[in-house]
Amino acid sequence: MMILLRRWSFYLKIAFLDLFRLRTSLVLHVVIVTGICLPILILLGLKRGHIAELRHELVTSPTGRQVTISVGGRGELLTPAIISKLESELGPVDLIIPDTERVANLSYESPGNNRIEIKGVTFRSTSPGDPVLAASDADVLTPDASEVVLYQSVAEQLKATLGDTITMVVTRRISGKSESAQTNLTIKNIISSASNEQIGYLHYQFIDAIECYIRGGRVQQFDWPAMKGSVRDRYAEYLLFCETSANLSVDDMAAFDARGFNVEEIIDWRAYFIHDLFKTDALKSLILYRVYSDRSQSSPANRLALSPKDLTAISAADDIAIPWNSPRFLTINGEKRPVIGFSLPRRCWLKSYLQNSETACPYFYDEIPVIDPSVPPDISELVLEFDKGKSLTLHPVHLTVPETVLPRANATDSEQSPSELVDSSQNHSEQKRLSQNKPAPVLVPVQLLAHIDAYLNGQAEFDQKTEQFIPVSPPPAYTQARLYANTIDDVLPVVEKLEKRHYAYRAQTSRIREIKGQDQQLQDLVLIVGVSVFLFGIMTVFSLFLEATERKRGTIGILRVMGVSRPGVFLIVFIRAFAVGLLAGLLTWGLGQIVTMGLNWRPDESSAEWLKDWQLEVSSILNTQDVLLILFASTICCLIGSIIPAWRASQRDPFDAIADGRM
Amino acid sequence: MKNVVHIEGLKQVLHDKKSGAIYEVHVDEVVIPEGSFTAILGPSGCGKTTLLTVLGLLRAATVNSQLKRFEMTFPGDTEPTDLSVIWRKNLRSQANAIRRKHIGFALQSGELLPALTVAENIDIPMQINGFSRNQCRQRRNELIEAFGLFHSRNNKAQSLARSRVNRLSGGEAQRVALARAISHRPSLVFVDEPTASLNREMAHQALTKLRSLCQSDGERCTVLMITHDEELAREFCDHIIRMEPGKDISSNHPFGHVTEFSENSPA
């Protein structure tokens, strides 16, 4: 094995010594192969230069690799979950930024205590890595920080500079009611702009927060409260009262049925805890129905949100509807009490059937009323705790007939009731104990009980500061987003995937396709020329090496006589070809660099006068990939071209070769 | 004494592709004993070099059917190697291996590789046979010393080892060729007109050195030398093979054949 290794290393040595010590033919061969390869490299450089010029605008513009996605084909909005899914599934995506904007006012109090305010500044969403801001070196915003990037015109109007703290005021108008909130922002960057556009950039989560506030929600992050009464009151069922003389007709029943309501007459009123509120003889003159839908009974999420007027409008009878949710055991001033939601309009005929016409809460109030006859007259506030750490202030209504007795819940009642007393914090035995102790119930507005129900069912939040129930903020949903592919070449595959998912989009696809088409055409052209030149190169190398091995037949003969095998001779010629190819490739690279520099040179101030008008319309880019390709091609060209000469040299008769070599 | 080469019934036909002429070489029987110094004498064109190419395993016998025997016995062999079988079966790599290991050549005009130095030329057979670098250096120095491959510079003898061969004189080149032929200690050395480019004194010195190196203690190298110089042959060789040109009347082909194989007592 060692002998074999030494023998093959000797072949290598012979090949290289012969090559470098007898340089004349080597130089000639290298120059010829370089002459073949250099035009291909220059052609590749020109092609890349041309395509780079076409792509220049797209590559330098932040919108080049931008795809604006609109809502999906079935109208689905872009939620954070969908955006995250698209980011992971679309492939070469750099980032997706929800494309939202909101208008707010800005103010700045300068060191001289001059307060400057500007109105109607449009804030656009951004995110770290946003190419739009990166293009202005302003990609500096971080999530969860109160930072802003402003256009120069806005900063100039405010007379604020980089690092100053400005105040942003957001205003919401819902149902004719206007509220404002504010927060401080630090100016992290100022973008130079020629126009007077009032534009600023905020992190998109900040814009989400503004959106939440404007829609009436609460923004805990900035301590912005929810809009009062913004949560809807929803009910499991409605109680419908009719006088016997004006009962529901068959048509009324059909009308309810047509609207999807079930109407059931209630025989035993006691089940609804309001039995004792009515005069004894009232029961003979009144008929009570419960109106509900299957959905409203099945899930707290499907409760009904009709106003009583809407319900009574369905029938022709002079009926009165009361929204109804099951009473709950809640803690009032530290004592567990049954809380019944019972509200009636200020004027209605049903009040004449009550034992005390004051024992019904109004529908509209500023302070939450509570009817509890047991409260002494000097008590003006009660605390209702409906969850751990969550409490409301109730204002007792002092009745003019204080001896009024409210219905008492008992165990029998609650067992018979279709809507049992609910206490989320107590188990059944505790409820039973409380029922047996017969704590006096209290009446509260039906909305309050509905809101507490919604809170306990996870459909509302509670703002302890304002003592308001507020809707649970839905996850943000966007109508469009800016998607940035990794490169402009990735835009087309990304767009294809978006099309398959039926998303509407806007991108510079036609321009990119046009450039790609030109790139492909030039690529084909270079390929055709390259292959032709390559084949010509193989033929040239073949003839060169055939001539060289003929010339060196004496040497080959001597080696064969000395004992070099035929494969050994083949290898020696092959190594020589490899070296020529490699050197030619390297020379091509060097010359290619010089030619490229020459093609890309443009005259400047220091250039000679006669050169100043010199303007070449072409540019060239020498790519590492192309250089490697040429290096590979020149080596392969030489190796292929030398196969037959090497084989012929190895097959020569050694003595003939020596004899011929002498001539 | 063993016979290194024993060939019998050789008929070698040569086709000259350029002129279209056909030549033949006939050998009835040639036996070369181990350690002998044998000369092949004969006029130009009688087939001396052709015989040498066959004996040196460079070419196969063209008419194998008439080859009665072609055997070679190398040191350590108990039985001779039948080369007629090797050629008949076209075992070129086997013939190449024998030639590489056991046979050395010193050709007519030196035939050195011009790209290499003297030392590198001498090293060729050793490197092909896998000698280590030290072995090569030791043997090379021994041969440079033995063949007097020095030149004088500033009144000092300097080795020619690092000189490129294209700067050597004809005599120096011939001595390098002789040194190269025996560098890997072959059993059989073929020398084709070694004294052609040397004056008588230099030729004398070269052959004396070759003979002494081939037949020194521990070396039993057999030399087969082609020469036109009968005087030199008589002076140095133990055996002389005479070849004469002729013409085959039946086929009208020129041919050469061995006419005499005689013993000689060197001076």
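Below, all heavy atoms of this structure are taken into account, side chains as well, without hydrogens, waters or symmetry copies. The shown structure was predicted, so the numbers you read here are calculated from the model rather than taken from an experiment. Chain naming here is simple, since letters A, B, ... match the order of the sequence lines and numbering starts at 1 in each.
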- Task: Measure A:Ile14 against the heavy atoms of chain B and call it side chain, backbone, both or neither at under 4.5 Å.
- Result: side chain
- With a 4.5 angstrom heavy-atom cut-off, which part of A:Lys552 approaches chain B: side chain, backbone, both or neither? neither
So which heavy atom on [X] is nearest to which on [Y], and how close?
X	Y	value
B:Pro114	A:Thr555	CD-OG1, 4.0 Å
B:Pro125	A:Met562	CG-SD, 3.9 Å
B:Arg99	A:Val561	NE-O, 3.5 Å
B:Leu112	A:Ile558	O-CD1, 4.0 Å
A:Arg6	B:Gly130	NH1-O, 2.7 Å

Using a 6.0 Å cut-off, check whether atom [atom1] of [X] has over 12 heavy atoms from anything other than its own residue.
X	atom1	value
A:Phe534	CZ	yes
B:Gln135	CD	yes
A:Phe632	CZ	no
A:Arg23	CZ	no

At a 4.5 Å cut-off on heavy atoms, which part of [X] comes close to chain A: side chain, backbone, both, or neither?
X	result
B:Ser93	neither
B:Ser183	neither
B:Leu52	side chain
B:Asn129	backbone
B:Arg133	neither

- How far apart are the C-alpha atoms of B:Asp123 and A:Phe10, what are their side-chain angles, what is the distance that settles it, and do they pass the side-chain contact (heavy atoms from CB on, under 4.5 Å) test? CA-CA 10 Å; B:Asp123 286 353; A:Phe10 166 72; over 6 Å; no
- After noting the C-alpha distance and the side-chain angles of A:Leu17 and B:Leu113, does the key distance pass the side-chain contact (heavy atoms from CB on, under 4.5 Å) rule? CA-CA 10 Å; A:Leu17 287 176; B:Leu113 298 190; over 6 Å; no
- Message: Is any side-chain heavy atom of B:Asn96 closer than 4.5 Å to one of A:Arg560?
- Response: yes
